[in-house]
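Everything on this sheet refers to the single structure shown next.
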Amino acid sequence: MNIENTKAQMRKGILELCILAILKERERYPSEILEALKDTELIVVEGTLYPLLTRLKNDELLDYRWEESSSGPPRKYYSISEKGKEVLTELKLSWSILAESVNNLLK
Amino acid sequence: MNKTITCNIAGLVFNVEEQAYERLSAYLKAVKKTLTNEEGGEEVYADIEGRVAEIFTERLSSRQEVVLEKDVDFVIKAMGEPKDYVLDEANENSANAKNDANKAHYNQQKTEKTLMRDTENGVIAGVCSGVAAYLGWDVVFVRIIFLIALFVTGFGFIIYIVLWIAAPEAKSTTDRLRMRGEAINLDTISQEVKDAVERVEQYAHGTEAKAHIKKIKESGKKVGSAFSKIFGGFLAIGAFMGITLFMVLSLTSNGFFVDDDGENFVSLYHMSSIIFSTPTQSFMGWSGLLLLVLMPLIFFGIFGIVLLLDVKQRIMGKVFLGALSFWIVGVVFFSIVSVQIGRDFTNYEYVET
């Protein structure tokens, strides 16, 4: 069994929930999202984030707008959409149920 | 002193040191390739380029400063390996889409294998190498089978020509991956090979490319190396035993054929006067037989030695063609003589009855 792989799978599964939660606070651009995620040890490399954001955007869970940046190319600022908020509520619920039952199991 | 290359990343101009440029360009290419199969891949790639440009801008104190290899290393470390860009099924959020997506993903990973000619690793037209890739066998195996089919029955020759015409040449990296049935994404090993192949294609004229080719070949060879050496050893020994045996049988007086009295051993050579009626026939018969039997043996012997000593297998192409042409001469001689002798016997029989 590949432990690293299992860990990665665990992280990836809840990443979407976390991104939605982070963006519920306020709109951010990828580096800021990453900053917030790094403390949670959910993400190892930045590369994982970009495809995920694009997909969430294509699923209409996120909106984005361009903003000029003084240090480099224009940035994409992402914010959560109405649909995204609904999904977030649903995911939050299933996460708390999951977390509780798993924690019980591990006791 | 190092050369710098000016390049445009996400609309910004950067001066990049040559080596750093090569690494970065190989990295971005690999990322692009990985993303081609992903949904919204182009957009993701553009985002990534933007981020790379941003990181460089943050790290450089001024626009004039040159991007060095350590900056590229930093970017690669921060962004992750190309495989990290692939979202897998654990991320599929919609339950309905999950099954379909899983299937699609699965199919993607098992790209259908296509029979192609692997000219890069091939000796003549890359047919054996391509077949080996298709079947997932060691190429040495396939070559041996082809050679046996060729020398024993001659059938291998026809198959080879047919495949040469039928199978397309694997030209691009994608072709090469399809040939091996590998997905365009996947694990680091295939990624490594792919990157390397790409680098080679890109810098095919530079010395660095040569070093790369060597590296790839060496790493590839290592796997089959032990096997080839053992096999080569046996092959060489077998071939030389075969040659010796044939010589003993045919030329010395201690041959294995028993004469009419059942007492004295005679060799093929001594029997020749019985079989052949004219000197020309005798010459053709003998040289035909020699070529017919010795050429494959000599070829296998050389092939064995080449495998054993791990010399470049490429020279085998010429050796093979040489041996083959002599062998064909042998076949022709032998056929002519056989037909003549056959006719003699028919006549004889006809007179008897």
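Below, chains carry the letters A, B, ... as their sequence lines are ordered, and counting in each starts from 1.
Between Ser31(A) and Glu54(B), the shortest heavy-atom distance links the atoms OG-OE1, 3.6 Å. Residues Gly50(B) and Pro73(A) come closest through the heavy atom pair O-CG, 3.4 Å.
The distance from atom CG of Leu53(A) to atom CG of Asp47(B), rounded to the nearest 0.5 Å, is 8.0 Å. For the atom pair Thr54(A) OG1 and Ile48(B) CD1, the distance stands at 8.0 Å (nearest 0.5 Å).
Remark: Glu42(B) CD is loosely packed, at most 12 non-hydrogen atoms of other residues, nucleotides or ligands lying under 6.0 Å away. When the shell of 6.0 Å around CD of Glu58(B) is examined, it contains more than 12 heavy atoms from other residues, nucleotides or ligands. Annotation: Lys57(A), atom NZ; neighbour count of heavy atoms from other residues, nucleotides and ligands within 6.0 Å is above 12. Counting non-hydrogen atoms of other residues, nucleotides and ligands closer than 6.0 Å to CD of Glu18(B) gives a total above 12.
Between Arg51(B) and Pro30(A), every side-chain heavy-atom pair lies at or beyond the 4.5 Å cut-off.
Salt-bridge check for Lys76(A) with Glu43(B): passed, with a basic side-chain N closer than 4.0 Å to an acidic carboxylate O.
Contact annotation for Ile55(B): only side-chain heavy atoms (C-beta onward) come within less than 4.5 Å of a heavy atom of chain A.
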